[in-house]
Student: 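Next up is a structure, given as structure tokens.
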There are 2 protein chains.
Amino acid sequence: MPRGSARPVVRPLFAQIEDLLVDRLRSGEWKPGEPLPSESEFAEAYRVSQGTVRKAIARMAADNLVVRFRGRGTFVASHTNEREHSHFFHLHRDDGTKDFPQSRIISCRRRKAGLDMTRRLHLDAGADVTVIERLRVIGGAVRAIETIMVPEERFRGLGAMRGEDLPNELYPLYETRYGVRVIRAEERLKAVAADAREAEALGVTVGSPLLEIDRTAMTYADVPVEWRRSRCNTEKHFYFSALR
Amino acid sequence: MPRGSARPVVRPLFAQIEDLLVDRLRSGEWKPGEPLPSESEFAEAYRVSQGTVRKAIARMAADNLVVRFRGRGTFVASHTNEREHSHFFHLHRDDGTKDFPQSRIISCRRRKAGLDMTRRLHLDAGADVTVIERLRVIGGAVRAIETIMVPEERFRGLGAMRGEDLPNELYPLYETRYGVRVIRAEERLKAVAADAREAEALGVTVGSPLLEIDRTAMTYADVPVEWRRSRCNTEKHFYFSALR
DNA sequence: GAGTGGTCTAGACCACTGT
DNA sequence: CAGTGGTCTAGACCACTCT
């Protein structure tokens with residue numbers, strides 16, 4: 001999507017503080033789940049008022065970069081937290097409830113990136129990628145088949161992992177094992193027809209309509225780190241999107 | 001969707017001010033596009049500091065209830081503004097560009113609400129509704145067929161309008177003619193198979209996969225005012241969703 | 001009790017708009 | 001020019017957590 005607009009020449013103080021703090025987050029100075037220094041410490045260190053630091057951190061909290069607790073402190077957001085678990089999973093049962101998906105790995109291999117991957121993941125030609133194929137089981141039934149592509153460079157050794165060792169949720173793994181924190185994602189949805197392989201995996205007839213979810217996941221500074229394509233049987237589920 | 005949680009017993013001042021202002025917005029005290037009184041006026045009237053009013057209005061701006069301009073003032077948000085035009089339309093061309101849809105009315109009739117409509121629109125049994133059917137033309141080709149359902153009570157006389165008199169965009173009409181401002185919407189997406197009628201309208205074969213977008217549009221206080229169901233040919237377009 | 005973030009105030013200065 | 005919203009400061013009080 002058309003993103004990223006030119007920055008104004010002069011930035012407010014709080015925005016500059018925010019930039020500095022986001023840079024320090026990106027550098028890994030504080031790991032996911034760890035506490036940041038307090039507002040007053042930052043205020044003193046940067047020689048600005050506490051209110052200015054507050055505004056900077058409030059924006060980081062609004063962007064889900066950190067979470068704040070009164071009386072406890074400010075912590076780097078983490079996908080390992082229960083609250084953020086499946087934060088990016090938008091399939092709901094028709095009755096509106098949301099039950100969390102299980103994963104069943106089909107394959108996990110290392111490959112050379114195709115042209116599409118190099119473009120989506122901002123890779124050089126010939127770069128290595130790990131490609132994971134898996135089924136997603138919701139409420140006991142296979143509801144989606146998913147292809148996940150990540151650069152080997154950032155996730156060294158992932159391509160050599162055995163399927164049984166891969167967890168249900170990948171983003172916590174990205175965080176803890178590779179220090180890659182997924183911040184936001186963009187999804188492109190289409191209706192497509194099931195091919196023979198998909199139809200068999202999902203237990204539907206060839207040509208059945210499937211919801212394709214094409215996701216690019218990004219870390220700090222909008223750098224893409226994962227490309228994922230799911231094809232979902234939406235007979236009993238829907239993808240939820242809130243507009244405002 | 002599971003929405004609306006219990007309010008805390010004691011609400012901060014700024015939140016109370018926000019509630020009061022939203023109530024006054026809802027009452028129609030200021031029409032879309034019109035200016036609100038200034039921060040300092042509200043501060044004096046409610047006997048709170050200007051900073052507290054600022055925080056209340058900032059939240060209303062974040063919710064797209066109002067728009068603010070430095071030097072000019074605060075204005076009630078309106079779908080008639082260019083910026084908000086097609087704000088809720090999420091279909092993009094495959095190349096990422098977004099061109100705006102034209103509408104071709106198929107029919108516009110008054111009916112008795114079915115059980116589904118009474119439930120979706122919070123109506124009494126036997127209530128009258130206006131049902132509009134139309135095609136959406138994007139880039140010269142028919143890309144979607146759409147059914148729109150609104151309560152006659154709120155949109156009196158809409159059901160008697162001739163198709164030629166209905167504009168491309170309905171939300172500006174809702175605003176100017178009926179004083180109904182759409183604030184937010186929820187969409188549920190599925191992949192479905194085209195039936196004979198849809199296939200003919202969209203120029204695809206029967207059974208082709210279509211993206212169904214099922215939207216409930218709401219005004220202030222999450223009151224539903226429109227139910228809309230679109231079935232889209234996504235061969236050359238995708239539905240965009242940003243996750244954070 | 002010391003330390004955290006959340007609320008609220010009061011006042012200053014600024015950029016920008018309309019006249 | 002007066003009036004608007006945007007930024008920044010400094011300080012007070014609060015609810016809450018940890019030890």
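Because the structure is predicted, anything quoted here is derived from the model rather than measured. FYI, side chains are in, hydrogens and waters are out, and symmetry mates aren't considered; it's all heavy atoms of this structure. Just so it is clear: chains get the letters A, B, ... in the order the sequence lines come, proteins before strands, and each one is counted from 1.
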Student: Considering only NZ, NE, NH1 and NH2 on the basic side and carboxylate oxygens on the acidic side, decide whether B:Glu146 and B:Arg134 come within less than 4.0 Å.
Tutor: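 Between B:Arg134 and B:Glu146 there is a salt bridge, with a charged N closer than 4.0 Å to a carboxylate O.
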
Student: Output all residues satisfying salt bridge (charged side-chain N to carboxylate O under 4.0 Å, His left out) with A:Glu187, sequence neighbours left out; order by chain, then residue number.
Tutor: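 By the salt bridge (charged side-chain N to carboxylate O under 4.0 Å, His left out) rule, A:Glu187 matches A:Arg215.
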
Student: C:dT17 C1' sits how many Å from B:Arg68 CZ, rounded?
Tutor: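 One finds 15 Å between C1' of C:dT17 and CZ of B:Arg68, rounded.
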
Student: With A:Arg54, which residues qualify under salt bridge (charged side-chain N to carboxylate O under 4.0 Å, His left out), at least two apart?
Tutor: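 A:Glu39.
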
Student: Can a salt bridge be assigned to the pair A:Asp99 and A:Arg93 using a cut-off of 4.0 Å between side-chain N and carboxylate O?
Tutor: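 Here A:Asp99 pairs with A:Arg93 in a salt bridge, since their nearest N and O are under 4.0 Å apart.
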
Student: Give me the stems containing DNA chain D, sorted by first residue, counting only three or more consecutive Watson-Crick or G-U pairs with both distances under 3.5 Å; say none if there aren't any.
Tutor: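 DNA chain D stems, ordered by first number: C:1-17 with D:2-18.
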
Student: Can you classify the ring geometry of B:Phe42 versus B:Tyr46 as parallel (below 30°), tilted (30 to 60°) or perpendicular (above 60°)?
Tutor: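 Taking B:Tyr46 first and then B:Phe42, their aromatic rings lie parallel (interplane angle under 30°).
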
Student: Give, ordered by number, those residues of residues 35-44 of chain B having at least one heavy-atom distance below 4.0 Å to an atom of DNA chain C; if nothing qualifies, reply none.
Tutor: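 Going residue by residue through residues 35-44 of chain B, none turns out to have a heavy atom under 4.0 Å of DNA chain C.
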
Student: Are the charged groups of B:Arg184 and B:Asp222 less than 4.0 angstrom apart, N to O?
Tutor: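 Between B:Asp222 and B:Arg184 there is a salt bridge, with a charged N closer than 4.0 Å to a carboxylate O.
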
Student: Say whether B:Thr74 and B:Arg68, considering side chains only, have a donor N or O and an acceptor N or O under 3.5 Å apart.
Tutor: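 Yes, side-chain donor-acceptor contact under 3.5 Å.
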
Student: Could you tell me whether the side chain of A:Arg54 has a donor or acceptor atom within less than 3.5 Å of a complementary atom in the base of C:dG6?
Tutor: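 Flag set: donor-acceptor pair detected.
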
Student: Applying salt bridge (charged side-chain N to carboxylate O under 4.0 Å, His left out), can you list everything that pairs with A:Arg24, at least two apart in sequence or on another chain?
Tutor: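 In terms of salt bridge (charged side-chain N to carboxylate O under 4.0 Å, His left out), with neighbours along the sequence ignored, A:Arg24 is linked to A:Glu29.
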
Student: Quick one: does NZ or CZ of B:Arg26 land under 6.0 Å from the six-membered ring centre of B:Tyr220, within 45 degrees of the ring axis?
Tutor: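 The answer is no; the distance or angle limit is not met.
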
Student: Do the side-chain N and O atoms of A:Ser103 and A:Arg136 include a donor-acceptor pair separated by under 3.5 angstrom?
Tutor: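 Side-chain D/A pair, A:Ser103 to A:Arg136: present.
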
Student: Which letters describe nucleotides 8-19 of chain D, given B = protein heavy atom under 4.0 Å from base, S = only from sugar-phosphate, - = neither?
Tutor: SB-----BBBS-

